[in-house]
Amino acid sequence: MTTQIALLEGITQSAWPAISTELFDGWLLRFADGYTKRANSVTPLYEGVLAEPEKLAYCEQRFAAAGLPSIFKLTAQNAVLDATLAKRGYEQIDISSVQIADLREVDCRVDQAVTLWRQPEVVWMDAFTRINGLTAAQRAIAERMLALYAAPTTFAALVENGQIVACGFAVRQHGYMLMFDICTDPAQRGQGYGRRLVASLLAWGIETGATHGLLQVVAANAAAVKLYAGFGYVEQYRYWYRQRAARA
């Protein structure tokens with residue numbers, strides 16, 4: 001794995017905490033009761049000493065014991081493992097783009113309609129749950145995960161006509177500001193709320209000392225890719241997941 005990809009993969013993994021993690025011979029196993037693939041998958045971080053078949057068998061056993069499908073998060077640096085998983089019936093899903101922006105070249109201010117909280121307050125969680133359509137069980141898991149941050153965080157919500165119409169959050173780590181779950185109420189999309197929310201989060205990042213913005217976006221999400229490009233985000237590399245197809 002190249003130095004840059006290794007650095008960014010480590011940062012992005014840390015910035016989205018799982019409920020529990022296990023480091024196994026260079027592979028990071030993450031578990032969060034099935035909430036998001038990112039927090040319930042295996043990420044190869046560095047070369048280990050054990051043979052690949054042994055490691056694969058162990059990971060599949062661990063996820064089966066947790067009642068979860070085996071999912072692997074991969075980049076082009078994992079070509080051999082990617083090919084092995086493909087032969088074992090793992091489907092490639094959710095190709096995503098890792099992007100960086102130089103915040104020293106970005107001029108943003110916190111929008112007057114945007115409120116920032118240091119923690120995910122109940123009002124923010126209520127809006128986050130509603131906009132994302134989370135179940136009660138998913139909300140409970142999200143609350144546990146979002147309470148695990150050690151790095152500085154901010155949780156943002158944009159209010160229009162007395163209602164939160166967009167929300168998301170950001171984490172600052174090692175000079176990077178990472179944004180997650182930028183979402184707009186489906187009935188309110190196309191009105192620029194997402195852009196205003198992102199600008200406010202970037203302003204927070206700049207004010208707290210971040211020099212670069214870092215994010216991960218599904219490559220097929222053209223609207224989101226266009227939004228972030230407007231703030232100077234440029235793709236660095238891509239990752240994807242391999243998940244074993246369900247048996248008929």
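A quick note: this is a predicted structure, and the numbers were derived from the prediction, not measured. By convention here, the first residue in the shown sequence is residue 1. No hydrogens, no waters, no symmetry mates; every other heavy atom, side chains included, goes into these values.
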Less than 4.5 Å apart, side chain to side chain, heavy atoms only: is that true for [X] and [Y]?
{"X": "Val171", "Y": "Phe180", "value": "yes"}
{"X": "Trp27", "Y": "Tyr58", "value": "no"}
{"X": "Cys108", "Y": "Ser200", "value": "no"}
{"X": "Lys73", "Y": "Arg30", "value": "no"}
{"X": "Tyr149", "Y": "Pro17", "value": "yes"}
{"X": "Thr154", "Y": "Thr208", "value": "no"}
{"X": "Leu7", "Y": "Tyr176", "value": "yes"}
{"X": "Phe24", "Y": "Val42", "value": "no"}

When clusters are formed from ILVMFWY side-chain contacts under 4.5 Å, directly or step by step, what else is grouped with Met179?
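So far as hydrophobic clustering goes, Met179 is joined with Leu103, Val106, Val110, Val114, Leu116, Leu158, Val165, Met177, Ile182, Tyr193, Leu197, Val198, Leu201, Leu202, Trp204, Ile206, Leu215, Val217, Val225, Leu227, Tyr228, Phe231, Tyr233.
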Between [X] and [Y], is there a donor-acceptor pair closer than 3.5 Å when you use the side chain of the first and the backbone of the second?
{"X": "Asp111", "Y": "Arg196", "value": "no"}
{"X": "Thr153", "Y": "Arg118", "value": "yes"}
{"X": "Arg130", "Y": "Ile164", "value": "yes"}
{"X": "Asn132", "Y": "Leu134", "value": "no"}
{"X": "Trp240", "Y": "Leu74", "value": "no"}
{"X": "Arg244", "Y": "Pro69", "value": "no"}
{"X": "Lys37", "Y": "Ile71", "value": "no"}
{"X": "Asn40", "Y": "Tyr35", "value": "yes"}

If we count only N and O atoms by modelled type, under 3.5 Å, do the side chains of Thr75 and Glu9 hold a donor and an acceptor together?
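Not at all, the side chains of Thr75 and Glu9 share no donor-acceptor pair under 3.5 Å.
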Distance-only polar pair, side chains of Gln4 and Gln236, donor-acceptor under 3.5 Å
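Yes - a donor-acceptor pair under 3.5 Å links their side chains.
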Interatomic distance, [X] atom [atom1] to [Y] atom [atom2] [nearest 0.5 angstrom]:
{"X": "Gln13", "Y": "Leu28", "atom1": "CD", "atom2": "CG", "answer": "5.5 Å"}
{"X": "Thr184", "Y": "Arg195", "atom1": "OG1", "atom2": "CZ", "answer": "11.5 Å"}
{"X": "Asn78", "Y": "Phe72", "atom1": "CG", "atom2": "CZ", "answer": "10.5 Å"}
{"X": "Arg88", "Y": "Ser70", "atom1": "CZ", "atom2": "OG", "answer": "9.0 Å"}
{"X": "Gln173", "Y": "Thr12", "atom1": "CD", "atom2": "OG1", "answer": "9.0 Å"}
{"X": "Ile141", "Y": "Thr36", "atom1": "CD1", "atom2": "OG1", "answer": "9.5 Å"}

ILVMFWY cluster, [X] and [Y] together (side-chain gap under 4.5 Å):
{"X": "Val80", "Y": "Val49", "value": "no"}
{"X": "Leu148", "Y": "Phe128", "value": "no"}
{"X": "Val234", "Y": "Ile5", "value": "no"}
{"X": "Val218", "Y": "Tyr241", "value": "no"}

Carefully, step by step, assess Phe63 and Leu29 under the rule side-chain contact (heavy atoms from CB on, under 4.5 Å).
CA-CA 9 Å; Phe63 278 81; Leu29 286 66; 4.1 Å; yes
Where do [X] and [Y] come nearest, in terms of heavy atoms and distance?
{"X": "Ala142", "Y": "Met125", "value": "CB-CE, 4.4 Å"}
{"X": "Phe155", "Y": "Gln119", "value": "CD1-C, 3.5 Å"}
{"X": "Glu235", "Y": "Ser97", "value": "OE1-OG, 2.7 Å"}
{"X": "Ala18", "Y": "Ala32", "value": "CA-CB, 4.4 Å"}
{"X": "Gln92", "Y": "Arg242", "value": "N-NH1, 3.5 Å"}
{"X": "Phe31", "Y": "Glu22", "value": "CE1-OE1, 4.5 Å"}

side-chain contact (heavy atoms from CB on, under 4.5 Å), that's the test. Do Gln191 and Glu160 meet it? Break it down for me.
CA-CA 11 Å; Gln191 301 184 59; Glu160 186 74 16; over 6 Å; no
Closer than 4.0 angstrom, basic N to acidic O: yes or no for Asp126 and Arg139?
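Result for this pair is yes, salt bridge flagged.
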Take Tyr46 and Leu23 through the test side-chain contact (heavy atoms from CB on, under 4.5 Å) and record every step on the way to the result.
CA-CA 11 Å; Tyr46 57 84; Leu23 184 60; 3.6 Å; yes
